[in-house]
Amino acid sequence: QVQLQESGPGLVKPSQTLSLSCTVSGVSITTKYNYWSWIRQLPGKGLQWIGYIAYSGSTYLSPFLMSRATISRDTSKNQFTLHLSSVTPADTAIYYCAVGGPESVGIERRDEYDSWGQGTQVIVSS
């Protein structure tokens, strides 16, 4: 059974860098052909796909965040991490990590993914 758990600060000041980690159990993040995504839900809005890191280590970020976001991984910890720089209050959201196959890339619907983390609330405020 695959389980994902997000971790990181719940409160971040504007202009800082937000770092969120997703720790995975039940499967290696290098297992073919899994794509490990970050997705967020802004207050009162739908899901917004941020980007992925693939089993191979390749990454792709959504164009709207590409200039501020990176995704890295630590295979020894079976963990991948989202870094979002220069945050503003508009980045306040619940952040989720999720896993799916190639067909899940860019998708903003829960049922396209095999497993999700429970989500972590991030508030950007001074």
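These numbers were taken from a predicted model, which means no experiment stands behind them.
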(request) For residues D74 and T81, determine if any side-chain heavy atom of one lies less than 4.5 Å from a side-chain heavy atom of the other. (result) no
(request) Give the C-alpha distance, both sets of side-chain angles, the deciding distance and a yes or no for side-chain contact (heavy atoms from CB on, under 4.5 Å) between Q118 and Y96. (result) CA-CA 7 Å; Q118 63 183 21; Y96 298 92; over 6 Å; no
(request) May I ask you to test the S58-I53 pair for a side-chain heavy-atom distance under 4.5 Å? (result) no
(message) Donor-acceptor check, side chain of N34 to backbone of I29, threshold 3.5 angstrom: yes or no?
(response) no
(request) Scan for side-chain hydrogen bond (donor to acceptor under 3.5 Å, both in side chains) pairs involving residues 2-19, sequence neighbours excluded, and state none if there are none. (result) S19-H83
(message) With clusters defined by side-chain heavy atoms of hydrophobic residues (ILVMFWY) lying less than 4.5 Å apart, directly or transitively, does M66 cluster with Y95?
(response) yes
(message) Can you give me the closest heavy-atom contact between E112 and R109, atom names plus distance?
(response) OE2-NH2, 2.7 Å
(message) Rounded to the nearest 0.5 Å, what separates atom CZ in R73 from atom OH in Y55?
(response) 10.5 Å
(request) Mind listing the closest non-hydrogen atom pair of N78 and S25 along with its distance? (result) ND2-N, 4.4 Å
(request) Answer whether the closest heavy-atom distance between the side chains of Y113 and V99 falls below 4.5 Å. (result) no
(request) Say whether T23 and Q79, considering side chains only, have a donor N or O and an acceptor N or O under 3.5 Å apart. (result) yes
(message) In terms of relative ring orientation, are W36 and F80 parallel, tilted or perpendicular, with 30° and 60° separating the classes?
(response) tilted
(request) Kindly determine whether T120 and L20 satisfy side-chain contact (heavy atoms from CB on, under 4.5 Å), including the steps that lead there. (result) CA-CA 9 Å; T120 186; L20 295 173; 4.0 Å; yes
(message) Are the side chains of L18 and V122 in contact, using a 4.5 Å heavy-atom criterion?
(response) yes
(message) Measuring from atom OG of S37 to atom CG of L82, what distance do you get when rounded to the nearest 0.5 angstrom?
(response) 11.0 Å
(request) Could you go through the side-chain contact (heavy atoms from CB on, under 4.5 Å) check for L42 and R40 one step at a time? (result) CA-CA 6 Å; L42 302 173; R40 69 184 185 181; 3.8 Å; yes
(message) Counting C-beta onward and ignoring hydrogens, is there a side-chain heavy-atom pair between S125 and L11 closer than 4.5 Å?
(response) yes
(message) Quick one, Y35 and P102 - any side-chain contact, counting heavy atoms below 4.5 Å?
(response) yes
(request) To the nearest 0.5 angstrom, please state how far the OG atom of S21 sits from the CG atom of L4. (result) 12.5 Å
(request) Kindly indicate whether the side chain of P14, heavy atoms from C-beta on, has any atom under 4.5 Å from the side chain of T88. (result) no
(message) I want to check something: taking the side chain as every heavy atom from C-beta on, are V2 and D114 in contact at a cut-off of under 4.5 Å?
(response) no
(request) Examine I123 and V87 and state if one hydrophobic cluster contains both, with Ile, Leu, Val, Met, Phe, Trp and Tyr joined whenever side-chain heavy atoms are less than 4.5 Å apart. (result) no
(message) To the closest 0.5 Å, what do you measure between CG (L65) and OG (S85)?
(response) 9.5 Å
(request) Report the distance from atom CG of L47 to atom CZ of R110, rounding to the nearest 0.5 Å. (result) 6.0 Å
(message) Can you tell me how the ring of W49 sits relative to the ring of Y52, calling it parallel under 30°, perpendicular over 60° and tilted otherwise?
(response) tilted
(message) As an exercise, state the distance from CD of Q41 to CD of E108, rounded to the nearest 0.5 Å.
(response) 10.5 Å
(request) Any chance you could lay out the side-chain contact (heavy atoms from CB on, under 4.5 Å) test for I39 and I50, step after step, and finish with the verdict? (result) CA-CA 5 Å; I39 300 153; I50 298 171; 5.8 Å; no
